[in-house]
Student: 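Pasting in a structure now, in structure tokens, and then I'll have a few things to ask.
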There are 2 protein chains.
Amino acid sequence: MKIGDIAKAADVTTSRIRFYERKGIIPPADRGKNGYRDYPEDLVALLRFIEQAQGLGFTLREIADVEIGTGEHIVSCTDALALLAKKHAAVVSMIAEANDRKHRIESLMAELEASRRKAKVVATD
Amino acid sequence: MKIGDIAKAADVTTSRIRFYERKGIIPPADRGKNGYRDYPEDLVALLRFIEQAQGLGFTLREIADVEIGTGEHIVSCTDALALLAKKHAAVVSMIAEANDRKHRIESLMAELEASRRKAKVVATD
DNA sequence: CTTGACCTTAAACATAGGTTCAAACCTTAT
DNA sequence: ATAAGGTTTGAACCTATGTTTAAGGTCAAG
């Protein structure tokens, strides 16, 4: 898939995809004979994941740390396991943080619901 | 309270407080005879609330638009709840996605462990 | 009355996360 | 073969969220 196809499929701009590549957030694309970037279909899923995580306030650096899934690579078994372990730890910690956010949002909502009944309103400053 | 006192109490910088005022995130402070900003004690609560909301992934604009107070001060409940509900849905979906990634990493690790002579792995470096 | 710790402002600087632009090249359809 | 439209690069530009700096004014203690 060319960059425009991926962009359309993931609903992001092409400039954003190039930006992510420059920044090492996504792996560098393979290039066709013409120099065009050529993407595997599953980059779409990664781009969606990035969008989702950003919407929750994760930085691109944080997101890059939990990414795994695009681009095949031959590495030593030990290196691979070390890398996977690192990614695993990062994703576990991201899940914990996201869960914490979820709980905090739930508390805030409960608190707000409770005080809505009292309807104590303050000037809008 | 002077700006330094508030800053210390809320654990934010004075420059940040002035920045929030410039941007209309917090109301303009009263001024003493000397021109110094003079704050009511409860600005501390607002500053803490801003910090908390930022931690949940809200932008300053979102925070300013939906002036949700803290503790006994409640404003614009319906809007606040709608926004929080949206964030909540996003975080739930994010957790599901992250869990899926975690499981895929775990399978990959298990596979690798099981057949240690094969070092072909999917990686992002 | 001097010293040091505060306060004031405006403006410059910083970092993240992108977008836009120019100039050139490639592809596809007519 | 030409026009429309997609792709390449690098550099400039933009918004959000602050921090830092320069050039002063104020205050409380010694």
Side-chain angles (χ1 to χ4, degrees), chain A residues 1-41 43-44 46-67 90 94 97 101, chain B residues 1-41 43-44 46-68 83 87 90 94 124:
Chain A
M1 289 171 94
K2 283 185 296 181
I3 196 169
D5 304 329
I6 287 285
K8 218 157 285 174
D11 194 28
V12 301
T13 60
T14 56
S15 63
R16 202 164 156 192
I17 295 174
R18 292 192 197 96
F19 171 76
Y20 286 167
E21 182 179 308
R22 271 203 310 287
K23 291 304 206 165
I25 309 313
I26 62 175
D30 293 342
R31 298 302 181 113
K33 190 73 181 168
N34 52 14
Y36 285 16
R37 288 172 181 81
D38 183 18
Y39 290 104
E41 206 172 314
L43 188 74
V44 173
L46 178 56
L47 289 172
R48 285 202 222 278
F49 175 75
I50 292 171
E51 184 96 12
Q52 199 171 27
Q54 278 188 298
L56 297 174
F58 290 95
T59 66
L60 288 183
R61 254 320 129 208
E62 286 169 332
I63 296 163
D65 288 343
V66 309
E67 271 172 29
M94 187 182 202
E97 160 117 11
R101 278 170 202 243
Chain B
M1 291 171 93
K2 284 185 296 182
I3 195 170
D5 304 328
I6 286 285
K8 219 157 285 175
D11 193 29
V12 301
T13 60
T14 57
S15 63
R16 202 165 156 190
I17 295 173
R18 292 192 198 97
F19 171 74
Y20 286 169
E21 182 180 308
R22 270 203 311 287
K23 291 303 205 167
I25 310 314
I26 62 176
D30 293 343
R31 297 303 180 112
K33 191 73 181 169
N34 52 16
Y36 288 14
R37 287 173 181 81
D38 183 16
Y39 290 103
E41 207 173 309
L43 189 74
V44 172
L46 179 55
L47 289 171
R48 284 204 223 279
F49 171 75
I50 291 171
E51 187 95 8
Q52 186 184 6
Q54 281 187 298
L56 297 176
F58 291 95
T59 66
L60 289 183
R61 208 18 79 201
E62 285 170 330
I63 295 164
D65 285 350
V66 174
E67 286 250 320
I68 316 162
L83 203 53
K87 284 290 171 190
M94 161 87 223
T124 38

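These values consider heavy atoms only, across backbone and side chains, with no hydrogens, waters or symmetry-generated copies. Here is the naming used below: chain letters follow the sequence lines, and residue numbers restart at 1 for every chain.
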Student: Identify all pairs in which a protein N or O lies below 3.5 Å from an N or O of nucleotides 15-18 of chain C, and state each distance.
Tutor:
| residue | atom | partner | partner atom | Å |
| --- | --- | --- | --- | --- |
| C:dG17 | OP1 | A:L60 | N | 2.9 |
| C:dG18 | OP2 | A:Y20 | OH | 3.0 |
| C:dG18 | OP2 | A:Q54 | OE1 | 3.2 |
| C:dG18 | OP2 | A:Q54 | NE2 | 2.2 |

Student: Looking only at heavy atoms, which two atoms of A:I50 and A:I26 are closest? And how far apart?
Tutor: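 Looks like CD1-CG2, 3.9 Å.
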Student: What's the shortest heavy-atom distance between A:T59 and A:E62, and which atoms?
Tutor: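 That closest heavy-atom pairing would be N-OE1, 2.8 Å.
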Student: State, to 0.1 Å, how close A:V44 and A:A9 come at their nearest heavy-atom pair, and which atoms those are.
Tutor: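 Looking at all heavy atoms of both residues, the closest pair is CG2-CB, 3.7 Å.
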Student: In whole Å, what is the span from the CG atom of A:D5 to the P atom of C:dT27?
Tutor: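 So the two atoms are 14 Å apart, to the nearest Å.
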Student: Below 3.5 Å between N/O atoms, which protein atoms pair up with nucleotides 25-27 of chain D? Just atom names and distances, please.
Tutor:
| residue | atom | partner | partner atom | Å |
| --- | --- | --- | --- | --- |
| D:dG25 | N2 | B:Y36 | OH | 2.8 |
| D:dT26 | O4' | B:Y36 | OH | 3.3 |
| D:dC27 | OP1 | B:N34 | ND2 | 3.3 |

Student: Write down the distance between CD1 (A:I3) and C1' (D:dT8), rounded to a whole number of angstrom.
Tutor: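 Whole-Å distance recorded here is 10 Å.
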Student: Figure out the CG/P separation between A:D30 and D:dT8, and round it to whole Å.
Tutor: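 Result: 13 Å.
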Student: Atom CD1 of B:I17 and atom P of C:dC6: how far apart are they, to the nearest Å?
Tutor: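 Distance, rounded to whole Å: 14 Å.
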Student: Please round to the nearest 0.5 Å and tell me the distance separating atom NZ of B:K87 and atom CZ of A:R101.
Tutor: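 Going from the NZ atom of B:K87 to the CZ atom of A:R101 covers 9.0 Å.
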Student: Restricting to non-hydrogen atoms, name the atom on A:A29 and the atom on A:E21 that form the minimum distance, rounded to 0.1 Å.
Tutor: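 Minimum heavy-atom separation between A:A29 and A:E21: N-OE1, 3.4 Å.
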Student: Give me the atom names and distance for the closest heavy-atom approach of A:D38 to A:M1.
Tutor: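 Closest heavy-atom pair between A:D38 and A:M1: OD1-N, 3.1 Å.
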Student: When all nucleic acid strands are considered with a 4.0 Å heavy-atom cut-off, which category describes B:R18: base, sugar-phosphate, or nothing?
Tutor: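 The answer is base, as B:R18 lies within the cut-off (heavy atoms under 4.0 Å) of a base atom.
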Student: Atom CG in A:L47, atom CD in A:E51: separation rounded to 0.5 Å?
Tutor: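 One finds 8.5 Å between CG of A:L47 and CD of A:E51.
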Student: Applying side chain to side chain donor-acceptor pair (under 3.5 Å), can you list everything that pairs with B:Y36, at least two apart in sequence or on another chain?
Tutor: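 Listed in chain order: nothing, the list is empty.
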